[in-house]
Amino acid sequence: MASSSTSFSFSSSLLPLLTLLQAFLLFGAVVGGRMSDDISFDESYSITWGNDHVLSLNQGRLVQLSLDQSSGAGFASKEDYGSGFFHIRIKLPPKDSAGVVTAFYLTSHNKKHDEVDFEFLGNKEGKPYTLQTNVFSNGKGRREQRILLWFDPTADFHSYKILWNQRQIVFYVDDVPIRVFKNNTKMGVDYPSQAMRIEGSLWNGESWATDGGKTKTNWSCAPFKTHFMGFGIDACSSNNSDCYSPDFWWNQHKFWKLDSKQQKAYENVRNNYMNYDYCSDTNRSPVLPIECIT
């Protein structure tokens, strides 16, 4: 699903990444023979909190969440899923968004839950957003990675996607893989396997989101507004007895690992845009987690 063009200025150092980006197949553009952007929010999702901070636009094909001091808002899919390719298009709040968190994620709802997160951490005007990803399995998280984006995520819509099958979880930004979490259960590492719901939200994270909580939300800039569109879902309903069946395209062998072009783009993101990786944080974890050693 191609992102719309923006007026954000790219430096010459980004050209190799842009060339690779243009070469990729555009995943997730069509759902059930329909363009994902044409699918109404109400077909697969419902509001879960902050109803009075939600605005439906363009006949339900665009949803705006807003945040002020009284509340934010959130939504969730009507079904749980056991595998799939999950995608949405998001335009983030502009200007001074310090302390503001926009999230798109998969989660189960139990004590030892599984969760796969995109979290967009706002910043002072003129400073870039941080994109934080995290993976919880069997209740264990603390697997944060953070990157800076190579575009302005407030200027236009961009696509954020999660591939989840029996071999790997891949996070994509506009078809560029930014993170891979492999299934290492044979080594004793828990892997997300519970049925999960798709959720999105906008909320106040000023206690931690910007500069470790030192920079607080400027409420004079409220309401902060995040826009979501592209509500099609390519996934296996948890009612299905075998969500790892190869009959689902995302479970097929070619999606068990990145291809050579994706691997090159992934390494470029890690080398040039990542600014935190839990696997490198020896202050927090003197003994590296097993998955960081492989």
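Only a predicted model underlies this, so the values are computations on that prediction, with no experimental measurement involved.
Taking the six-membered ring wherever Trp is involved, the centroid distance between the rings of Tyr160 and Tyr172 does not fall below 6.0 Å. In summary, the aromatic rings of Phe85 and His87 are positioned with their centroids under 6.0 Å apart.
Counting Ile, Leu, Val, Met, Phe, Trp and Tyr side chains that sit under 4.5 Å apart, directly or through other members, Ile293 shares a hydrophobic cluster with Leu288.
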Trace of the side-chain contact (heavy atoms from CB on, under 4.5 Å) decision for Phe151 with Val173: CA-CA 11 Å; Phe151 55 84; Val173 174; 3.7 Å; yes
Chi angles and distances behind the salt bridge (Lys or Arg N to Asp or Glu O under 4.0 Å) call for Asp156, Lys91: CA-CA 6 Å; Asp156 209 339; Lys91 183 178 179 182; 5.7 Å; no
Working for salt bridge (Lys or Arg N to Asp or Glu O under 4.0 Å), residues Asp277 and Arg270: CA-CA 9 Å; Asp277 183 359; Arg270 289 187 60 85; 3.1 Å; yes
Test salt bridge (Lys or Arg N to Asp or Glu O under 4.0 Å) applied to Asp175 and Lys161, step by step: CA-CA 8 Å; Asp175 305 307; Lys161 311 170 185 180; 2.5 Å; yes
Test side-chain contact (heavy atoms from CB on, under 4.5 Å) applied to Phe157 and His227, step by step: CA-CA 8 Å; Phe157 286 89; His227 296 86; 3.6 Å; yes
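Between Tyr129 and Leu92, some side-chain heavy-atom pair lies under the 4.5 Å cut-off. At a threshold of 4.5 Å between non-hydrogen side-chain atoms, the residues Trp203 and Ser71 do not count as touching. In this structure the side chain of Phe171 reaches within 4.5 angstrom of the side chain of Val116, judged on heavy atoms.
Counting non-hydrogen atoms of other residues, nucleotides and ligands closer than 6.0 Å to NZ of Lys95 gives a total of 12 or fewer. For Lys182, the NZ atom sits in a packed shell: over 12 heavy atoms of surrounding residues, nucleotides or ligands are nearer than 6.0 Å. Other residues, nucleotides and ligands place no more than 12 heavy atoms under 6.0 Å from the NZ atom of Lys257.
Remark: of the listed residues Arg143, His113, Glu291, Lys112, Arg143 is the sole one forming a side chain to side chain donor-acceptor pair (under 3.5 Å) with Ser137. Tested against Thr107 for a side chain to side chain donor-acceptor pair (under 3.5 Å), the candidates Glu115, Arg197, Gln194 yield a single pass: Glu115.
Screening residues 52-153 for disulfide bond (SG atoms under 2.5 Å apart), with sequence neighbours left out, gives no hits.
Nearest heavy-atom pair across Ser83 and Phe86 is O-CZ, 3.7 Å. Pairing each heavy atom of Arg167 with each of Tyr191, the nearest pair is C-OH, 3.8 Å. Between Asn240 and Cys243, the shortest heavy-atom contact is CB-SG, 4.0 Å. What you find for Gly50 and Ala73 is that their closest heavy atoms are O-CB, 3.6 Å. The heavy-atom pair separating Leu65 from Leu202 by the smallest distance is O-CD2, 3.3 Å. For Pro93 against Thr226, the heavy-atom pair with the smallest separation is CD-OG1, 3.1 Å.
One N or O on the side chain of Asp152 and one on the backbone of Thr154 form a donor-acceptor pair closer than 3.5 Å. Here the side chain of Ser285 pairs no donor or acceptor atom with the backbone of Val287 at under 3.5 angstrom. The backbone N or O of Gly122 sits nowhere less than 3.5 Å from a side-chain atom of Ser97 that would complete a donor-acceptor pair. A donor-acceptor contact shorter than 3.5 Å is absent between the side chain of Asp117 and the backbone of Tyr105. The closest donor-acceptor contact from the side chain of Gln262 to the backbone of Asp259 lies under 3.5 Å. With Asn123 contributing its side chain and Pro128 its backbone, the two residues share a donor-acceptor pair below 3.5 Å.
Residues that satisfy the ring pair (Phe, Tyr, Trp, His ring centres under 6.0 Å) test with Phe41, not counting sequence neighbours, are Tyr45, Phe75, Phe231.
Between Arg89 and Asp37 there is a salt bridge, with a side-chain nitrogen of the basic residue lying less than 4.0 Å from a carboxylate oxygen of the acidic one. Ion pairing between a basic and an acidic side chain is recognised when a charged N comes within 4.0 Å of a carboxylate O; Arg284 and Glu144 show such pairing.
Ring-plane geometry between Trp249 and Phe255 is classed as perpendicular, the angle between the planes exceeding 60 degrees on a 0 to 90 degree scale with a lower cut at 30.
The distance from the CD atom of Glu43 to the OG atom of Ser77 is 14.0 Å, given to the nearest 0.5 Å.
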